[in-house]
Structure formats: structure tokens, C-alpha cells
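Read through the structure below, which is laid out as C-alpha cells, and then see the notes.
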Amino acid sequence: MKARTRFAPSPTGYMHIGNLRTALYEYLIAKSSGGAFLLRIEDTDQKRYVEGATEIIYSTLKTVGMNWDEGPDIGGNYGPYIQSERKAIYAEYAHKLVELGGAHYCFCAAKEETEESEDEENAIPSKFQDPCKRLSLEEARARIAAGEPYTVRQTINKKGKSRFHDEVYGDIEIDYDDLDEGVLLKTDGFPTYNFANVIDDHLMAITHVVRGNEYISSTPKYNLIYEAFGWTPPVYVHVPQVMKDAQHKLSKRNGDASFQDLVAKGYLPAAILNYIALLGWNPGDDREIFSLAELEKAFTVERLNKSPAIFDIVKLTWMNGCYIRALTPEEFHRQALPWYAKCLTRKLDLEMLSRVLQPRIETFADIAAQTDFLEKMPAYELSLYENKKMKTDPAVAAQALKLAAAKLPEIDAWNNDNLFAGLKELAAANGLKNGQILYPLRIALSGKETTAGGATEIAAVLGKEETVARVKAALAKLEG
RNA sequence: GACCCCAUCGUCUAGCGGUUAGGACAUCACCCUUUCACGGUGGUAACACGAGUUCGAGUCUCGUUGGGGUCGCCA
């Protein structure tokens with residue numbers, strides 16, 4: 001069976017990780033069955049609309065390669081795909097639902113927005129009992145005709161248990177008495193999510209509804225609407241939350257990273273996508289590295305998990321390192337260039353630098369910390385030359401650097417292999433261990449005990465002139 | 001508060017009645033090595049608790065505890 005799924009975000013700002021993961025599962029369900037993945041913009045709350053949010057949604061999906069088959073920008077046979085353009089459709093179905101007995105007109109004033117009072121947490125919400133339910137249809141229509149503002153509110157008269165099946169959570173049973181008669185069509189004529197999602201999913205022939213498990217409790221209400229219209233509900237796939245820690249879910253309000261933030265921090269879109277796929281899903285074997293195409297092949301809803309998963313930036317970082325190392329050297333260099341531009345102005349052998357950095361960094365943001373000494377030689381203590389393992393101290397360093405200062409200008413083909421061979425030879429000729437010459441040289445060139453790359457690699461990146469200058473400066477410091 | 005959901009190493013997870021409870025990240029040790037990193041080897045580390053069912057329970061049932069969610073003219 002070819003599945004039709006939809007990603008239906010509301011344009012309220014950035015794209016958060018949990019959202020993207022939901023989109024991914026929707027995409028995978030559709031694609032693994034040879035079906036269609038569509039994009040629908042849920043902008044029925046004009047108060048929350050954020051300028052540019054739709055573009056973020058488009059660009060995020062495109063960046064990770066999740067292309068949609070139908071959507072606001074490309075159209076399709078079930079449009080329009082922006083809810084604000086479907087207002088008339090919802091009104092039509094809302095009135096029809098009233099006639100079918102699944103809803104009623106309501107003239108109650110909107111519930112006032114509760115101030116953030118200190119006892120808000122202690123307040124016990126009670127089920128709303130709508131007095132308008134007793135109004136006759138004629139009476140209600142007369143008031144509407146008279147221009148009175150109204151809403152369409154769901155009518156729930158059923159008794160007993162509502163049951164539905166969820167692909168992840170299994171069979172769920174909720175008492176009809178526990179369901180709220182929520183507003184379906186607002187005073188402004190826009191539908192609420194509770195109504196629009198049912199109408200659209202049916203009209204757009206959606207077969208699988210994938211959404212956060214916070215919707216489990218209200219799913220029976222949606223089923224009642226499907227039922228009233230005589231429609232078949234979709235297959236439900238409720239997915240667990242993506243958490244920041246055991247208590248809090250990942251959210252922008254807590255300052256948690258969005259997809260855009262992660263990319264800006266030097267994470268590769270493919271790595272982010274791979275990581276979040278595994279937050280709540282696993283292939284059943286030990287594989288962890290998946291491209292989107294590979295996920296399409298391996299994905300099945302049966303292997304979706306039902307417990308919440310904590311987003312672990314440390315593991316994402318490791319995975320990003322895997323993706324960075326898997327890049328071709330040319331591609332790595334191309335992607336590193338803008339990061340170099342941010343922190344380096346000196347003339348350096350950047351291609352050599354890329355070769356040094358690629359196996360050592362986990363995110364592109366690591367570049368700055370790994371290269372700061374290249375830009376400007378930092379101040380350092382003479383005691384840095386003291387190293388037991390390398391058998392060096394300031395005296396050995398002075399001797400080694402003096403030899404190096406004489407040797408380095410003679411090296412013409414300035415590359416790592418030549419430098420290393422030359423200095424190794426120099427050490428042997430003078431009865432020194434490799435480390436006794438290379439370790440002091442690194443200090444002289446970097447002012448650091450440890451660096452990405454060895455002494456000769458740093459020299460290769462710095463170039464002959466700067467290398468010789470730094471060695472001379474170090475000698476002066478040692479003898480000073 | 002009512003209702004719903006969840007519960008294996010610190011984290012992501014495998015496990016679908018019989019396992020020395022496996023893998024990955026992190027962490028520790030060692031090896032490799034011009035330091036670092038990569039890579040390799042090995043170690044520490046988990047079935048929330050209590051009853052039941054069963055010859056046998058991480059796996060099934062019930063309860064307890066803990067956590068999350070819903071109860072908006074937000075989605």
C-alpha cells in the first residue's frame with residue numbers, strides 16, 4: 001500500500017529538532033512504500049504567525065534532502081496546501097457537522113487568558129459544560145443571522161469507551177466522558193487544529209498521521225469527527241517526545257538548539273538527520289550510520305520506540321565527526337573554507353591545514369580553537385619545553401632549535417614529508433631522539449603543548465618564512 | 001485533581017519466557033604514534049520497586065514509585 005503522509009508545521013519560527021524528526025518519519029513512511037510526502041502549512045492562528053517561518057521550513061527540508069511531492073509552492077491535486085487559504089472549506093464542513101449532530105453552535109465568550117498567577121499550577125481544570133448545547137438549531141441560526149459572534153463546538157454525547165489503535169502505542173482506550181467539547185471553528189472563522197487536521201487529512205487522502213504523542217488524548221475526538229462524516233480515520237503513528245533531559249522536552253524557549261543553530265555551529269545536515277532518526281527508532285541491528293536513502297530502505301514503523309529520548313549533543317558530535325572524516329578531502333576543504341575565513345587572515349597553506357584538521361575535528365566550529373596559534377603566536381612559559389616523555393628541557397630545546405634554525409632554510413620543497421625527513425635526519429646526525437627536536441619545534445611554532453598535527457605539519461602550514469621567524473624568536477626567548 | 005502514556009548501563013538502544021543481559025556514545029586503561037586526533041584492544045557500568053503467573057520473568061499480569069502528556073477560540 002502506498003502511503004500518503006504530510007508534514008504539517010505551523011509557521012511560528014524556527015524548525016526544532018522534534019519537528020524535524022517527525023517530518024523525517026513521515027517522509028520515510030511515505031517513501032519506503034513508494035507513496036507521497038506532502039507539505040501543508042498550518043497557519044490558522046494568525047496571532048502566532050512569524051514572518052519568514054515558511055521559508056525556514058522549506059529550506060530545512062531541502063537542506064536535508066526531504067523533498068515533498070505536493071505543497072504550497074509546487075501545488076498538487078489536493079490543494080491549496082496552506083490552511084489560511086482553505087477557510088471556506090472548513091466553514092462548509094463545520095456547518096455540515098452541526099447538521100450531522102457532531103457539533104453545535106456556541107455563543108459563550110472566549111475563556112480569558114489566565115494570567116500567570118502563582119496558583120496556576122494548583123488550579124484544577126474542570127470539564128467545560130457548554131450551556132449552548134441546549135439551544136435549538138433554529139434558535140442558534142437566528143442568533144447567527146442577527147450577527148452575534150459564534151463558534152462551532154464539538155458535541156460529544158457518546159457514552160462508554162473510545163478505542164483506537166496506534167502503530168506505536170498499541171490499543172488505546174479512553175472514556176468518552178473524559179473528552180472535552182472543544183471549539184472547532186473560531187469566532188474569526190478560522191478552524192482550530194482539532195478540526196482542520198481532520199478535514200485536511202481526509203480531503204488530502206492522508207493514510208498515515210504521524211505526530212507527537214501529546215495528541216494521543218485528543219485522538220478519540222478526531223475519530224468522532226471522522227465517524228460523523230462517515231470517513232475512515234487514518235493509521236495513527238504517535239511518536240514520543242524528544243527531550244532535553246528527563247524532565248524537559250527540547251524547546252527553543254529553554255535555549256535549546258534548533259536545526260539552524262546546529263548547522264551554524266558546524267554540524268552537517270546529514271549527520272543531524274542521521275542522529276535524530278535514531279532518537280526513537282533503530283534498524284534492529286548494529287548499524288548507526290545512515291544516509292537518507294539508506295533510511296528509506298531500512299525504516300519500518302514497527303521499530304519505532306515509545307519511550308521519550310533525550311537529545312545527546314555529545315553523541316551527535318561524535319557522529320558529526322564520522323561524517324566529517326567521511327568527506328572527500330576536496331569536499332572537506334570546500335566546506336572548511338568559510339570557517340577559515342572567520343578566524344584566519346595570515347597567508348597559510350590552507351589545503352595542508354585541511355589535511356591536518358579533517359581527521360581531528362568533530363564540528364567545523366572546532367576549527368577556531370585548533371588554529372588560533374597560526375594566526376598569532378601566543379605567549380608561553382619556558383617551562384613548556386620541559387617534557388619528561390620527550391626528554392626535553394630548555395637546554396635541549398635551545399640546542400635543537402639552533403640546529404633547526406640552520407637546517408630549515410636549506411629545505412626547498414616545503415612540505416610535511418620533506419620537513420619530517422629532514423629533521424629526522426638532523427636528529428640522528430646529532431644523537432638526538434626525534435622527539436627532542438620535534439617537540440621543542442612544536443612549542444616554538446605554536447606555544448602549545450599539544451596541537452592538531454605534528455611540528456612539521458604546522459611548519460608546512462605556516463610556510464618557510466614564518467616558520468624560520470618563529471624558530472628564531474623562540475631561540476631568542478630561550479637565550480634571553 | 002481526573003484521564004492517557006512511559007520505565008534495560010550516565011545517554012541512545014538490542015532483547016519479543018531459558019542470554020555470561022548485546023551494541024553505540026561518554027568514561028578509564030593499554031597499543032599505535034613527532035604531541036593531539038584518528039585507528040585498535042580491553043575494562044567499569046543497567047533490567048525502578050513489590051506481589052503474582054510459570055519448572056523458569058528484563059520479557060506476561062496486577063499494584064507501587066518515579067517521569068511525561070492532555071484537560072486553550074495554540075498547534
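Chain letters run A, B, ... following the sequence lines, proteins first and then strands; every chain starts at 1. Here the structure is a predicted model, which means the values were calculated and not measured.
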Among [options], find the nucleotide with the atom closest to the side chain of [X].
{"X": "A/D180", "options": "B/A75, B/C73, B/C71", "value": "B/C71"}
{"X": "A/E288", "options": "B/G23, B/C4, B/U13", "value": "B/G23"}
{"X": "A/K186", "options": "B/C25, B/C74, B/C6", "value": "B/C74"}
{"X": "A/A110", "options": "B/C3, B/U11, B/C73", "value": "B/C73"}
{"X": "A/D45", "options": "B/C73, B/A14, B/A75", "value": "B/A75"}

Is there any protein nitrogen or oxygen under 3.5 Å from a nitrogen or oxygen in nucleotides 63-65 of chain B, and what are the pairs?
none

Distance between C1' atoms of B/U20 and B/U35 (Å, rounded):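 Taking atom C1' in both B/U20 and B/U35, they lie 41 Å apart.
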
Pairwise P distance for B/U13 and B/A21, with rounding to whole Å: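 Here B/U13 and B/A21 have their P atoms 22 Å from each other.
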
Distance (rounded to the nearest 0.5 Å) between A/S218 OG and A/Y193 OH: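 If we round to the nearest 0.5 Å, A/S218:OG and A/Y193:OH are 7.5 Å apart.
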
Assigned partner base of B/G50, Watson-Crick or wobble definition, under 3.5 Å: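 B/C62 is the nucleotide pairing with B/G50.
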
Lys/Arg N to Asp/Glu carboxylate O, [X] vs [Y], below 4.0 Å:
{"X": "A/D312", "Y": "A/K315", "value": "no"}
{"X": "A/R163", "Y": "A/E173", "value": "yes"}
{"X": "A/R86", "Y": "A/D200", "value": "yes"}

Below 4.0 Å: OP1/OP2 of B/A75 and any side-chain N or O of A/N19: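 No, A/N19 has no side-chain N/O under 4.0 Å of OP1/OP2 on B/A75.
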
side-chain N/O A/R303 vs B/G15 OP1/OP2, d < 4.0 Å: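 For A/R303, the contact criterion (side-chain N or O under 4.0 Å from OP1 or OP2 of B/G15) is met.
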
Parallel, tilted or perpendicular: ring planes of A/F364 versus A/W339, cut at 30 and 60 degrees: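 Correct class here is parallel.
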
Annotated protein contacts, base or backbone, on nucleotides 29-49 of chain B with a non-hydrogen cut-off under 4.0 Å, one of B, S, - each: -----BBBBSS----------

Contact nearer the 5' end of RNA chain B, comparing A/V314 with A/I174: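 Counting from the 5' end, the first nearest nucleotide belongs to A/I174.
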
Closest-nucleotide ordering on RNA chain B, the 5'-leading residue of A/Y150 and A/G280: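 Between the two, 5'-proximity favours A/G280.
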
Sugar-phosphate only, base, or nothing, as touched by A/I172 at under 4.0 Å among non-hydrogen atoms: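 A/I172: backbone/sugar contact only, no base atoms under 4.0 Å.
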
So, the side chain of [X] versus the backbone of [Y]: is there a donor-acceptor pair under 3.5 Å, distance only?
{"X": "A/D43", "Y": "A/I82", "result": "no"}
{"X": "A/T44", "Y": "A/T192", "result": "no"}
{"X": "A/Q154", "Y": "A/K221", "result": "yes"}

Sole candidate of A/Y323, A/F311, A/W281 that passes ring pair (Phe, Tyr, Trp, His ring centres under 6.0 Å) when paired with A/Y275: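 So the option named by the test is A/F311.
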
Ring centroid separation A/Y267 to A/F259 under 6.0 Å: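 Centroid distance A/Y267-A/F259: not below 6.0 Å, so no.
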
Exceeds 12 heavy-atom contacts within 6.0 angstrom, atom NZ of A/K424: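 Atom NZ in A/K424 is not crowded, with 12 or fewer foreign heavy atoms closer than 6.0 Å.
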
A/K87, NZ: over 12 other non-hydrogen atoms inside 6.0 angstrom: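 Result for NZ/A/K87: enclosed.
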
Provide a list of protein-nucleic acid N or O atom pairs under 3.5 angstrom, restricted to nucleotides 67-70 of chain B.
| from | atom 1 | to | atom 2 | distance (Å) |
| --- | --- | --- | --- | --- |
| B/G67 | O2' | A/A246 | O | 3.2 |

Heavy-atom donor-acceptor pair, A/K315 side-chain to B/A24 base, under 3.5 Å: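 Answer yes: a donor N or O sits under 3.5 Å from an acceptor.
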
